[in-house]
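The structure appears below as structure tokens.
Keep in mind it's a predicted model, so treat the numbers as computed, not measured. Protein chains get the first letters and strands the later ones, always in sequence-line order, with residue 1 at the start of each.
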Amino acid sequence: MVDPVASTPIQGGPILEAKGLHAAYGQVRVLHGIDFVVNTGGVTALLGANGAGKTTTLRAICGMVRSTGDLMYDGKRINNMATEAIAAMRVGHVPDGRGTFMELSVEENLRLGGYTRKDSIEPDLERMFAYFPKLKDRFRQQAGTLSGGEQQMLAIARALMIRPRLLLLDEPSFGLAPLIVREIFEIMKQIIATERTSILLVEQNASLALSVADMAYLLETGKIVMSGPAAEIRQDESVRRAYLGY
Amino acid sequence: MTQSNSRFLLILFVVAAAVVPLVFASGYQLFQLTLVVAYALSVLGKNLVTGYGGQVSLGQGAFYAVGAYTAAILMEHFNVPYWATLPVAAVVTGMVGLALGLPALRLGGLYLALVTFAMAVAVPQLLKYKLFENWTGGVQGIVLNKPDAPFGLPLDPDQWVYLFTLSVGVVLFVAATNLVRSRIGLALMAIRDQPLAAEAMGVELSRYKTLTFGFGALFTGVGGALGAIAVGFVSPDSFSIALSLTLFVGMVIGGASSISGAVYGALFIVFVPNLAEEISKAIPGAIFGVILILFMFFAPGGIASLLSAQMRRFRAAR
Amino acid sequence: MEGVLHQIISGIATGSIYASISLALVMIFLATHQINFAQGEMAMFSTYVALTLIQAGVPYWGAFVLTLVFSFIAGMVLQRTLLEPLARAPVLASVGAFLGLLLIFNNIAGWIFTYTLQPFPTPFGAGAPILGGMLSRHELGSTAVTLVVLTAVWAFFRFTKLGLALRGAAYNPVSSRLVGIPVARMLSLGWGLAAAIGAIAGMMVAPIVFLDPNMMAGVLLYAFAGALLGGITSPLGAVVGGVLMGVIENIAGAYIVGTELKLTTALVIIVVVLVFKPSGLFGKTLANRV
């Protein structure tokens, strides 16, 4: 059964499309020709175990690792473009490890997030504080002193400051207590509902990811082994056993 | 080429290096060749520290100065014969190296480069300092007599000093070769290439690093002592930062990770300035700088690695 | 007591010059984890450029500004052409490149301008010493200039978007790229800025020590010591450390070791700081890079 709510956001055609995407770190090949799509306004989840190539996929999209095949963003091939140029095309990235500017204040982290913006970013700061009230309390604090959960929130807020048309999220649940993870995902649902940003979400925690996604892909050692609407994937017997644990 | 073959060639080369200049070279040329040997030993010390030990030392000129002054003070104030100053210079600079190595090596990487750079800048001032003036001769330095050939050998002082220096050089180069092939050498290279793995395998990083720093200082110090004997004069301003930089250039250009590289480097730093100085006094330094940068970009392994690449190509072609 | 006060005040004057070079060193260290051994020689060369302009009839402040522009551009070009390609090379390679630069600047300066000491003009007039005879007009003027420059640099980094981006690029290049900051351009900008700050220090110190190609050797050593004393990871620390070094130099020179061991004093401070408090007064501890 397909969950009608999760699969019916207002969606256009694909904003990001990968076709036969290969990527390698030097001699070590990690992605062996994968295909996937992120629809405009949709949430696509990329699931898989440690080392399957999830983070590498996001890095390839951002030009942080060399890739071959096609990566089409908004109709334009973006393989191996400079990372900063891709960011300037309003691709927000919540990187693996959160990428906090430890030495800078929370405010400065957010302002850096808005670096590519030519317009005023003050209203967006307010918007971020509405999503993440905790960040407002720590506005002037050095970001390195934040807890893991707060840094994750900061990373999401920082990526949103770019006003992303495509948001890449790398394991937002990683290393956080279940309670915090739930808090973050609640906020993310809110963001998905209001921001209408297209999202590519990478997660090891499949049940969490499937609870917010409408499309899902399962990655195993650099290959897509299953794909489809999130609700269908959730029902799949083998996925349930291997990734959902029930 | 078999090993005994190459060893034979090496011996032939050393004999030629000893005999040919005696017959054909002028006094000044012999003096330059003597300096080549002294510098080669100093650069060798640097190669041990940097090329094999993986530590960037910029203050090798300071150890050269310690060796040179040890020899000069012993000869001037204690009437020690020139040849007997060498072991003392070796021990003294080795000890100084160990003493400085202990704290300096804890820092590692760039910090060591910084400290040794500061050391090289400060050395001339220390040598001029009035408290030591009775020993060091202050700004004036110490003038030494050139040693005559012993046993009534039919050699003039230039020829004898060259032969003497070359013999010491050969002995120490053989010693260095054995050193890098020994357990210590292997441990060092393991540390340089895989510090974490080496430590995990039980190689005591700090001990070996300090030891290499000491050995490096020792070789450089003996080079300094030989240099002082050959030049017949030591003064604070001959041991400025420029000397350390020159030795650094010699190391990079010869090839830091090789024993023979020290010889190429020494030939370079002795003869290239001579050729260039005819244009301007400042030119050699500028040329050193340009060549240094070019080598960093295009031949980080120095002349030694360029040569061995050529040799491989030559052999492959046959 | 009067004497000590005199030493301290004039120490602050020279210390502010050291502080500028310390700051330039720290800026580059933060951005690239490299120590620019050629920072002093670059400043010296810039000072010769200023002297040449002044001798050609350009008024002092005009020459001052032109020299800053020249140094800024030269710094950017050097970073782009030489140091960027070596950014990921081993320590030896970057140290080698910096020493190469040092040799080139020093000897080219010697070649073009000779090694003779040359007087360098001060824009603050020769008049009688002020503050009860404790400070020459030049010392007061150069301290003021340096303080203005350091404040401006601080305000730039603290309050402007570009300054923030420069800091971001230095602290976390990967995240910076992800938010769209062109990190490579920021690095060359930082180099240009460091070179210009160095040039100011050179022009301010030259009237005191006279200009010659080796003018900056001692200054650089004191700037190293200042940067380490304050903490090589802290720009504020670099400034405080630099000023402290000026005071220490004077006090040690007048009462402890005499002026003949000035450089050794700096060496001792470098070693003591690195052995006992490698993070300096304001810096944070760095992992020991093997």
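Atom CD1 in B:Ile287 sits 10.0 Å away from atom CG in C:Asn107 (nearest 0.5 Å). Atom CD1 in B:Ile241 sits 9.0 Å away from atom CZ in C:Phe37 (nearest 0.5 Å). The CZ atom of C:Phe98 sits 12.0 Å away from atom CG of B:Leu58, with the distance rounded to the nearest 0.5 Å.
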Pairs under 3.5 angstrom only: tabulate donor-acceptor contacts from the side chains of residues 262-270 of chain C to other protein residues two or more places apart or in another chain.
from, atom 1, to, atom 2, distance (Å)
C:Lys262, NZ, C:Glu249, OE2, 2.8
C:Thr265, OG1, C:Leu261, O, 2.9

| request: Please assess B:Phe288 against C:Leu99 for the test side-chain contact (heavy atoms from CB on, under 4.5 Å), listing each intermediate value before the final yes or no. | output: CA-CA 10 Å; B:Phe288 275 9; C:Leu99 294 182; over 6 Å; no

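Heavy atoms from other residues, nucleotides or ligands lying under 6.0 Å from CZ of B:Phe271 number more than 12.
Contact annotation: the side chain of B:Val249 approaches that of C:Leu103 to within less than 4.5 Å [non-hydrogen atoms, C-beta and beyond]. With a 4.5 Å cut-off on side-chain heavy atoms, C:Ile232 and B:Tyr111 count as touching. You'll find the side chain of B:Ile293 reaches within 4.5 Å of the side chain of C:Ile104, heavy atoms only.
Of the residues considered (B:Leu292, B:Val290, B:Thr50, B:Ile291), B:Leu292 shows the highest number of contacts with chain C, using heavy-atom pairs under 4.5 Å. Taking chain B as the reference chain and counting heavy-atom pairs below 4.5 Å, the highest number among C:Ala97, C:Ala109, C:Gly96, C:Pro213 is found for C:Gly96.
Taking the six-membered ring where the residue is Trp, C:Phe224 and B:Phe117 present perpendicular rings, their angle passing 60° and hence far from 30°.
In this structure, the portions of C:Leu92 lying under 4.5 Å from any heavy atom of chain B include both its backbone and its side chain. Looking at C:Leu82, both its backbone and its side chain come within 4.5 Å of chain B, counting heavy atoms on both sides. Of the atoms belonging to B:Leu294, not a single heavy atom falls under 4.5 Å from chain C. When heavy atoms are compared at a cutoff of 4.5 Å, B:Val56 approaches chain C solely by way of its side chain, counted from C-beta outward.
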